[in-house]
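Structure first, commentary second.
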Amino acid sequence: MKFSIRTYGCQMNERDSEAIAALLVQNGHEQTNVESEAELVIVNTCTIREKAESKALGKLRNLCARKRREPNFIVGAVGCVVQRLENEILKFVPKLDFAVGTRSKAFLPEIIEVIKSGGGPIVDCANEVEFNEKAWGEHKEGEITAYVNIILGCERRCAYCIVPSVRGVEWSREPSKIVEEVQRVVRLGAKEVTLLGQSVLQYGVRNNVWSEDYVSPRGYLEPFPRLMEVTDTVPGIERLRFISSHPARCTDEFARAMSELPSVCEHMHLPLQSGSDEVLKRMRRGYDTQRYREALASMKKYMSGFAITTDVIVGFPGETEEQFQETRRFMEEMKFDNAYIFKYSTRPGTPAAEWEDDVSEDEKIRRHQILLDDQNERGQRINEHLVGTSVEVLVEGVSKRNDDKWSGRTRTNKIVVFDAIGNLEIGDLVIVKISSAMPQTIYGEIEKC
Ligand code: 5AD
Ligand code: SF4
């Protein structure tokens, strides 16, 4: 069948969609990016905030409306909303053919066969860890930047977060399987690999992944630095990244490993969530601002030019104006290169759902805008420091905003826009001299190919 996949949500979902696509292609289906041509559309859903969930459900209902004209058209949902709603998803989208949660992707080919032959609807929301390598190993050819899962699930219990209930228990994959996959994606053309997990620093914590007699060449004792070290040695890997991390587990060894391993980039996305110790405590984040400050200081101690990005939530239940101002001040102190700001959204079943959502929507909008404005001003200031310097850029292709230009990223994960020259190709590493800066993009000219 001709299928297309629409993905909402985080990198985990992006990666799941890729793996699903590759699995379906292996089973004789054909992927198309033109949704109207597809005989089967799968929506990979996100439930992190209420808006994300309603967007995905709205999309599913729209797709199902096509069934009136095309009775054989198949619509399926996968991912976090399915895992949250289970059978109830059929109440929201009554014409849905199948719904598969976050842990049954490997069964999709079989499920699609049943639907094709007139069966259904099928809802599969297994709770067991999906060990099946079939479900997470497949990649497309020609990706310059590839994602590789290293740990599934999340067992932190941040008071606002629905992820632990939809992504389940933590399970770390064996290092040898990860390295095999990294070798495979590099053979398929990847120059940059991002190791993925809800919290990569939990790698190997719940289930032991290193044998007792393993000796790391650089003497690392912690599981994640060891994994970075073995991945770094894969021939052909130019850049290694990881997402996402947690401030409570940023140790000195981890910072040292980041600086010692040549492919590991000088950037980290380290969610802060709030700059108020009182709010952090109620969020049950397991660190305070001092711990965050120390974590960042150790990165900066080992790596010059280190860049840091973050996530912040405004309007958490009980957040006062003064606590919000503390967040503003702390963000300025940390000099974030970029920040994703979210308005708090109550998620059913989370601890914070028991508390009154007492910051009004108007107030959340105001705080959100203030932090965005602050970040724009700060991003501009930080990026202007780069003007006149030369940076290494991994060429990703034609710029999204300007067809005449090309774009790529620095090791510090900044987007760089430049004029294409000669026989420039996607995947090239070039040196760009920076000539001007915006809060989230820098511009320049290629110096060296
Ligand atoms: N409301 C608003 N933002 C949330 N996030 C997670 N849960 C919620 C919620 N209930 C944000 C956090 C997280 C990012 C992926 O989404 O900042 O780091
Ligand atoms: Fe959305 Fe979280 Fe699921 Fe990612 S893991 S898709 S952010 S709910």
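Quick caveat, the model's predicted, so the values are computed rather than measured.
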### Query
Tell me the salt bridge (Lys or Arg N to Asp or Glu O under 4.0 Å) pairs involving residues 339-349, sequence neighbours left out?
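Matches after skipping sequence neighbours: Glu53-Arg347, Lys343-Glu361.
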### Query
Is there any salt bridge (Lys or Arg N to Asp or Glu O under 4.0 Å) pair reaching into residues 150-164, and which pairs are they, with sequence neighbours excluded?
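Residue pairs with at least one partner in residues 150-164: Glu155-Arg206.
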### Thr309: side-chain hydrogen bond (donor to acceptor under 3.5 Å, both in side chains) partners, not counting sequence neighbours
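Residues passing side-chain hydrogen bond (donor to acceptor under 3.5 Å, both in side chains) with Thr309: His267, His269.
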### Ser176: partners by side-chain hydrogen bond (donor to acceptor under 3.5 Å, both in side chains), with sequence neighbours left out
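Ser176 satisfies side-chain hydrogen bond (donor to acceptor under 3.5 Å, both in side chains) with Glu174 once adjacent residues are dropped.
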Treating [X] as the side-chain partner and [Y] as the backbone partner, does any N or O pair qualify as donor plus acceptor under 3.5 Å?
| X | Y | answer |
| --- | --- | --- |
| Asn27 | Leu23 | yes |
| Asn207 | Trp171 | no |
| Asp124 | Ala126 | yes |
| Asp357 | Ser345 | no |
| Arg103 | Val166 | yes |
| Glu319 | Gly315 | yes |
| Arg173 | Asn149 | yes |
| Ser172 | Ile151 | no |
| Gln31 | Ile5 | no |
| Lys191 | Gly427 | yes |

### side chain to side chain donor-acceptor pair (under 3.5 Å) contacts touching residues 384-393 (sequence neighbours left out)
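Of all non-adjacent pairs touching residues 384-393, those that pass side chain to side chain donor-acceptor pair (under 3.5 Å) are Arg239-Glu392, Gln380-Glu384, Ser390-Glu447.
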State, with a plain yes or no, whether a side-chain heavy atom of [X] is found less than 4.5 Å away from one of [Y].
| X | Y | result |
| --- | --- | --- |
| Thr327 | Phe316 | no |
| Arg187 | Glu141 | no |
| Leu371 | Arg328 | yes |
| Leu296 | Phe306 | yes |
| Arg49 | Tyr160 | no |
| Arg226 | Pro175 | no |
| Glu425 | Val395 | no |
| Thr194 | Glu192 | yes |

Of all the heavy-atom pairs spanning [X] and [Y], show the shortest one and how long it is.
| X | Y | result |
| --- | --- | --- |
| Gly76 | Leu60 | O-CD2, 3.8 Å |
| Leu195 | Val200 | O-CG1, 3.8 Å |
| Asn383 | Pro439 | ND2-O, 3.0 Å |
| His368 | Val314 | N-CG2, 3.9 Å |
| Ser263 | Asp232 | OG-OD1, 2.6 Å |
| Leu372 | Ile341 | CD2-CG1, 3.8 Å |

### Query
Do you know which of Phe224, Tyr287, Tyr203 makes ring pair (Phe, Tyr, Trp, His ring centres under 6.0 Å) with His246?
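It is Tyr287; the other options fail the test.
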Check ion pair [X]-[Y] (N to O, under 4.0 angstrom):
| X | Y | answer |
| --- | --- | --- |
| Asp16 | Arg167 | yes |
| Glu180 | Arg184 | no |
| Glu18 | Arg15 | yes |
| Lys177 | Glu181 | no |

More than 12 heavy atoms of other groups within 6.0 Å of [X] [atom1]:
| X | atom1 | result |
| --- | --- | --- |
| Lys67 | NZ | yes |
| Lys51 | NZ | no |
| Glu37 | CD | yes |
| Lys433 | NZ | no |

Approximate separation, where rounding is to 0.5 Å, of [X] [atom1] and [Y] [atom2]:
| X | Y | atom1 | atom2 | value |
| --- | --- | --- | --- | --- |
| Ile434 | Leu386 | CD1 | CG | 6.5 Å |
| Glu88 | Lys91 | CD | NZ | 4.0 Å |
| Ser274 | Ile313 | OG | CD1 | 9.0 Å |
| Lys95 | Arg68 | NZ | CZ | 7.0 Å |
| Thr45 | Gln83 | OG1 | CD | 9.5 Å |

### Message
Applying side chain to side chain contact (heavy atoms under 4.5 Å, CB included) to Gln440 and Ile415, what does each step give before you reach the verdict?
### Response
CA-CA 7 Å; Gln440 299 192 27; Ile415 299 170; over 6 Å; no
### Query
How far apart are the C-alpha atoms of Leu270 and Leu272, what are their side-chain angles, what is the distance that settles it, and do they pass the side chain to side chain contact (heavy atoms under 4.5 Å, CB included) test?
CA-CA 6 Å; Leu270 191 62; Leu272 168 68; over 6 Å; no
### Query
Can you check side chain to side chain contact (heavy atoms under 4.5 Å, CB included) on Val100 and Val82, steps first, answer last?
CA-CA 6 Å; Val100 170; Val82 179; 5.6 Å; no
### Query
Between Phe242 and Phe254, does a ring-ring contact (aromatic ring centres under 6.0 Å, His included) hold up when you go through it step by step?
CA-CA 12 Å; Phe242 48 85; Phe254 163 67; 5.7 Å; yes
### Message
Looking at Phe73, I'd like to know if the NZ or CZ of Arg66 sits under 6.0 Å from its six-membered ring centre while staying within 45 degrees of the ring's axis.
### Response
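Positive - Arg66 is close enough to the ring of Phe73 and near enough to its axis.
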### Task
Would you please test Val78 and Lys105 for side chain to side chain contact (heavy atoms under 4.5 Å, CB included) and show each step?
CA-CA 8 Å; Val78 296; Lys105 295 187 293 293; over 6 Å; no
### Query
What's the verdict on side chain to side chain donor-acceptor pair (under 3.5 Å) for Arg366 and Gln369, showing C-alpha distance, side-chain angles and the deciding distance?
CA-CA 5 Å; Arg366 185 185 77 91; Gln369 193 57 48; over 6 Å; no
### Query
Checking side-chain contact (heavy atoms from CB on, under 4.5 Å) against Asp97, which of Ile112, Ile111, Ile122, Ile74 comes through?
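Looking at Ile112, Ile111, Ile122, Ile74, the match for Asp97 under the side-chain contact (heavy atoms from CB on, under 4.5 Å) is Ile74.
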Table please: side-chain donor-acceptor pairs of residues 416-424 below 3.5 Å, with sequence neighbours left out.
| residue | atom | partner | partner atom | Å |
| --- | --- | --- | --- | --- |
| Asp419 | OD1 | Lys405 | NZ | 3.1 |

